[in-house]
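For reference, the structure is listed below as structure tokens.
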Amino acid sequence: MTKRNDPFPTRLKKHLDPFTRLDPIVHSRNQRRWEGPLDEVSLSRYERDGFLWFEGFFSQERMEPFFDELKEMAKDEEMMKSDQIIRDPSSGAIRSVFGMHELSENFDRLTRDPRILGMVRQLLGSEVYIHQSRINDKFGFEGSGFDWHSDFETWHAEDGMPRMRAVSASLMLTENTEFNGPLMLIPGSHHVFVPCVGETPDMNWKDSLKAQRLGVPDRKALGWMADRGGIKAPKGPAGSLMLFECNTLHASNENMSPWPRSNLFFVYNSIDNTLDKPFAGTTKRPEFLGNRKNTEALTMHDDFPELSNQGVKPLRE
């Protein structure tokens, strides 16, 4: 347990009940709340559910270059030895590649798309930078799942992210179906912080990126929240986009289908929420997991016009 004052205690020796989050969900306040592409209906849905789903946000053709880059990485022997490459614990194939916005010009440009930047600036009420980026791959018949967790719990404990002021963007490179292990979320779970039991060993990331054992809520808390909010697994074609709040509980099953499931993830953090010392008392994780050096505000890519007032509509259920 950390010795300094911690508003979100976790990785504890003893059980501590879940408690209501201390931070706002939409950080833009008063008149500034409407200064962006999301309307009040979308903002209210994000506050209620903890995520927004945009089917077919980009064209499928826009996604194809990322597959070519992934194939090239798999051929690079030096790259495959890097800590940035995480292999599937069962098959040995690429499971994740971290630091994608620094490895790929295509990815870097994508993180600066004005429509996405406009939304996350509006949600976080500030300029933003990339905290973490990665590609997650699940090959057909082989891709392992991810256990239930809150990203914020890990980023707080192991990276020192002070507050809940970050948004993840998940972009589908392949069609996500009910068969190939789509991302599952518990709507409304972001309203509650769930402290987790188990002290964190140093260098925990070397094991947790393959199979997460710490930072996983207990089954009683998961059952309680799923009974209240249900479980959603948005599905759609390549190019679809999901934005989800950093404390929303999510997971995915193994890919039991013959079809791959590949997603890009890029995490936007507020420039007013940069990392401190890890609250779990461990050493800092590598830069490709928790960015501390390049925290300047992102600018929109030159190829795109400024679209801060253009409406963006999520899919309504």
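Counting begins at 1 with the first residue of the sequence.
Of the charged side-chain nitrogens involved, at least one lies within less than 4.0 Å of a carboxylate oxygen, so that Arg11 and Glu153 count as a salt-bridged pair. A salt bridge does not link Arg292 with Glu287: every distance from a Lys NZ or Arg NE/NH1/NH2 to an Asp or Glu carboxylate oxygen is 4.0 Å or more.
Side chains of Gln132 and Asp159: no donor on one and acceptor on the other come within 3.5 Å. Looking at Ser96 and Asn136, their side chains do bring a donor and an acceptor atom within 3.5 Å of each other. Judged purely by distance below 3.5 Å, without hydrogens or angles, the side chains of Asp39 and Ser42 pair a donor atom with an acceptor atom.
Looking at Tyr268 and Ile130, their side chains come closer than 4.5 Å, going by heavy atoms from C-beta outward.
For Phe244 and His250, the distance between ring centers is under 6.0 angstrom.
In this pair, His190 and Tyr46 present their aromatic rings tilted. The plane angle is within the 30 to 60° band. Between Phe107 and His101, the ring planes are tilted. Angles from 30° to 60° get that label.
A search for side chain to side chain donor-acceptor pair (under 3.5 Å) contacts involving Glu245 returns Arg21, not counting sequence neighbours. In this structure, the ring-ring contact (aromatic ring centres under 6.0 Å, His included) partners of Trp155, at least two apart in sequence or on a different chain, are His131.
Under the side chain to side chain donor-acceptor pair (under 3.5 Å) criterion, the residue pairs touching residues 256-266 are Asp137-Ser262, Asn176-Asn263, Asn255-Ser257, with sequence neighbours excluded.
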